[in-house]
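These notes are about the structure you will find just below.
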Amino acid sequence: MVVNKMVDRVVIHNAALRWPVPGELLELLPGQRVSSVGRRSKYLLFNFERGTLIIHLGMTGHLRLTSHDAARRKHDHVEIIFSDGTALRYNDSRRFGAMLWAAADPLQHRRLTGLGPEPFSPGFNATYLHRISRGRKVAVKPFLMDPRVVVGVGNIYASEALFRAGIAPTRPVGQVGKAALGRLVKSVRDILEAAIAAGGTTLRNFSDSQGRPGYFRQELCVYGRTGEACLVCSAPIKQLRLGQRSTYFCPNCQR
DNA sequence: ACTGGCTCCTGAGGGC
DNA sequence: TGCCCTCAGGAGCCAG
């Protein structure tokens, strides 16, 4: 828990994340206290007295709260050292993540404006999806993964949600009816809820803040199961690329 | 306004 | 054992 901790100093070992880590953090953060933490989409919001530190973990990012003198690990790019002797370390081997600063309302930061609704919010519903998808020719899977449509649905969960909703991932979204979109909304929520309960999905090296892997992988119905029997109808699971992303589906259950 | 393709990056895994 | 190749993915960016 970092709330109420006072920043003593910031060390940037490697500023080359998705966008350069703002150097102004070096002067801005020391002397400020973390007042609260929040989240919007996959952006973590560390609210300080005079602004908000926005952190995205990308694919491989980790935050660890350690003693400030603990040995640095490979890919520890930024350290926020607190006055109580602890340090919050941002580690990200792939550097797909980001660290940004918002002097005012973080929701008005250019990376956060334009984000779609949270998947568990009332705004994410069949009527909404139906309205914004009419006339669109894009396939339903990349549409579902577009953060302007809804946030939080990555590649694995998109395939899984479409399987459970019985919708072929290649269907032009404009041709998916409202009832099917309603099933999709429910599937997305069910998948995310189950995945969160299982601690996420570990494919290679994902782990939570305690270093534990996620156990949702064993509940995946289609993702990574190319050629294996569909759990519902036994037809072989197919794989294709859609929007440069591996896509898995049952050609029999999903239409 | 849409759409599809490309890009960033490192590590894992497979083939030889 | 070691090298090389391919793949993985969140999401911004850009050309058509």
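Order of the sequence lines sets the chain letters (A, B, ...), proteins ahead of strands, with each chain counted from 1. Bear in mind the structure is a predicted one, so any value in this text is a computation, not a measurement.
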Under 4.0 angstrom between [X] side-chain N/O and [N] OP1 or OP2:
| X | N | answer |
| --- | --- | --- |
| Gln244(A) | dC6(B) | no |
| Arg111(A) | dA11(C) | no |
| Arg245(A) | dC6(B) | no |
| Lys74(A) | dG11(B) | yes |

In whole Å, I'd like the distance from the [atom1] atom of [X] to the [atom2] atom of [N].
| X | N | atom1 | atom2 | value |
| --- | --- | --- | --- | --- |
| Lys137(A) | dA1(B) | NZ | P | 16 Å |
| Arg110(A) | dA11(C) | CZ | C1' | 13 Å |
| Leu57(A) | dC8(B) | CG | C1' | 17 Å |
| Leu240(A) | dG4(B) | CG | P | 13 Å |
| His56(A) | dC8(B) | NE2 | P | 19 Å |
| Arg148(A) | dA11(C) | CZ | P | 12 Å |
| His62(A) | dT10(B) | NE2 | P | 15 Å |
| Ile132(A) | dT3(B) | CD1 | C1' | 16 Å |

Checklist entry - Under 4.0 angstrom, heavy atoms only, what part of the nucleic acid is Phe143(A) near: base, sugar-phosphate, or nothing? => result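 Answer is nothing: Phe143(A) stays at 4.0 Å or more from every strand.
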Next on the checklist: Please classify the nucleic acid contact of Arg241(A) as base, sugar-phosphate, or nothing, using heavy-atom distances under 4.0 Å.
Outcome noted: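 It contacts sugar-phosphate atoms only.
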Next on the checklist: Tell me whether Ile196(A) shares a hydrophobic cluster with Val185(A), the cluster being built from Ile, Leu, Val, Met, Phe, Trp, Tyr side chains joined at under 4.5 Å.
Outcome noted: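 Yes; tracing contacts between hydrophobic side chains, which count when under 4.5 Å, links both residues.
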Item to check | Carboxylate-amine/guanidinium contact Arg9(A) Glu27(A), below 4.0 Å | outcome: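 Result for this pair is no, no salt bridge flagged.
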Next on the checklist: Testing the 3.5 Å rule here: is there a donor-acceptor pair between the side chains of Lys5(A) and Thr86(A)?
Outcome noted: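 Yes, side-chain donor-acceptor contact under 3.5 Å.
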Checklist entry - Do we see a donor-acceptor contact under 3.5 Å between the side chains of Lys74(A) and Asn91(A)? => result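 Lys74(A) vs Asn91(A): no donor-acceptor pair found between side chains.
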Item to check | Most 5' of Arg95(A) and Gly135(A) on DNA chain B, judged by nearest nucleotide | outcome: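 The answer here is Gly135(A).
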Checklist entry - Which sits closer to the 5' end of DNA chain B, His75(A) or Gly243(A), going by the nucleotide each is nearest to? => result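 Result: Gly243(A).
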Checklist entry - Out of Lys141(A), Arg183(A), Arg171(A), which residue meets the side-chain contact (heavy atoms from CB on, under 4.5 Å) rule with Leu162(A)? => result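 For Leu162(A), the side-chain contact (heavy atoms from CB on, under 4.5 Å) test succeeds with only one of Lys141(A), Arg183(A), Arg171(A), which is Lys141(A).
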Next on the checklist: Measuring from the side chain of Pro147(A) (C-beta onward, heavy atoms only), which nucleotide among dC8(B), dA11(C), dC2(B) has the closest atom?
Outcome noted: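 Looking only at side-chain atoms, Pro147(A) lies closest to dA11(C).
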